[in-house]
Amino acid sequence: MEDEFRHFCVVRQEHLNHYGSLFGGHLLAIIDEMAYVACVRTYPGRNFVTKALKDVEFHVPAHLGDVLETHAKLEQVGRTSCQIRVQVFISEAMDEKRQLSFDGLVVLVCVDSQGVPTEVSERNI
Ligand SMILES: CC(C)(COP(=O)(O)OP(=O)(O)OC[C@H]1O[C@@H](n2cnc3c(N)ncnc32)[C@H](O)[C@@H]1OP(=O)(O)O)[C@@H](O)C(=O)NCCC(=O)NCCS
């Protein structure tokens with residue numbers, strides 16, 4: 001059972017904003033998706049929707065060609081909600097030295113087929 005999920009990608013031209021740095025909305029999409037994956041991999045067969053992004057901070061900007069390394073870890077589980085810590089580290093392609101670029105907490109709620117909050121079941125793996 002993994003307790004931390006990792007994803008790597010490279011910043012491409014289409015991910016940039018008009019300042020030439022990584023568009024924050026693109027990063028937020030990765031973060032939201034990683035938090036979702038952490039939940040559904042931990043609780044297979046359950047549905048989750050994003051409820052909130054908390055304590056979100058963009059520390060340093062990423063640029064064209066940078067490698068983004070995203071880590072997602074389930075930090076807290078409530079009755080119907082999960083809180084996932086997501087951190088994104090950046091490094092230049094030719095240099096493995098990483099810097100923390102983004103840090104935040106994503107709250108997802110487990111919902112039934114009608115979209116109503118339902119209990120997060122016991123881990124079944
Ligand atoms: C997610 C949704 C079903 C929750 O319904 P709700 O009636 O607001 O939920 P509740 O007030 O019962 O709270 C549900 C859980 O979320 C937690 N929660 C709600 N708001 C929170 C916040 N801002 N921060 C942390 N936890 C929060 C509650 O504490 C509760 O957790 P628990 O059962 O583990 O104690 C509903 O708000 C919704 O459908 N929102 C839109 C979701 C969406 O479209 N997301 C984007 C696409 S995925």
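Atoms CG and NE2, from Leu16 and His26 in turn, are 9.5 Å apart once rounded to the nearest 0.5 Å. Rounding to the nearest 0.5 Å places CD of Glu92 at 8.5 Å from CD of Gln99. Between Arg6 atom CZ and Gln87 atom CD the span is 10.0 Å, to the nearest 0.5 Å. In this structure, the separation between CD on Gln76 and CZ on Arg85 is 10.5 Å, given to the nearest 0.5 Å. In this structure, Glu4 CD and Leu74 CG are separated by 11.5 Å, a value rounded to the nearest 0.5 Å.
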For Leu22 and Leu68: C-alpha separation, side-chain torsions, deciding distance, then whether side chain to side chain contact (heavy atoms under 4.5 Å, CB included) applies. CA-CA 10 Å; Leu22 177 64; Leu68 302 181; 3.8 Å; yes
Between Phe23 and His15, does the side chain to side chain contact (heavy atoms under 4.5 Å, CB included) criterion hold? Intermediate values first, please. CA-CA 6 Å; Phe23 175 50; His15 305 145; 5.9 Å; no
Show your reasoning for whether side chain to side chain contact (heavy atoms under 4.5 Å, CB included) applies to Val88 and Ile30. CA-CA 10 Å; Val88 180; Ile30 294 173; 5.8 Å; no
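Considering all non-hydrogen atoms of both residues, Cys82 and Val120 come closest at SG-CG2, 4.2 Å. When every heavy atom of Ile84 is checked against every heavy atom of Cys39, the shortest pair comes out as CD1-SG, 3.4 Å. A pairwise comparison of heavy atoms in Ala93 and Val67 identifies CA-CG2, 4.0 Å as the closest pair. Shown here for Leu64 and Gln13, the closest heavy-atom pair between the two residues is CD1-N, 3.3 Å. Counting all heavy atoms, side chain and backbone alike, Ile90 lies closest to Ser101 at CG2-CB, 3.8 Å. Summarising the geometry of Leu27 relative to Phe102, their closest heavy-atom pair is CD2-CB, 3.9 Å, with the distance given to 0.1 Å.
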With a 3.5 Å cut-off and sequence neighbours excluded, list the donor-acceptor pairs that the side chains of residues 46-63 form with protein atoms.
residue : atom : partner : partner atom : Å
Arg46   : NH2  : Glu119  : O            : 2.2
Thr50   : OG1  : Asp32   : OD1          : 2.5

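By the 6.0 Å contact criterion, CD on Glu33 is open, its count of non-hydrogen atoms from other residues, nucleotides or ligands being 12 or less.
In the hydrophobic clustering of this structure, Tyr36 does not group with Leu105; members are Ile, Leu, Val, Met, Phe, Trp, Tyr whose side-chain heavy atoms approach within less than 4.5 Å, directly or through other members. Cluster membership for Val106 and Leu28, using ILVMFWY side-chain heavy atoms within less than 4.5 angstrom, is shared. Tracing side-chain contacts under 4.5 Å through hydrophobic residues (I, L, V, M, F, W, Y), one never reaches Val40 starting from Val111; they form parts of separate clusters. Under the 4.5 Å side-chain heavy-atom criterion for ILVMFWY residues, no single connected hydrophobic cluster contains both Val86 and Val107. Hydrophobic clustering, with ILVMFWY side chains joined whenever heavy atoms are under 4.5 angstrom apart, keeps Phe89 apart from Phe5.
Partners of Glu14 according to the salt bridge (charged side-chain N to carboxylate O under 4.0 Å, His left out) rule, which considers only residues two or more places apart in sequence or in another chain, are Arg12.
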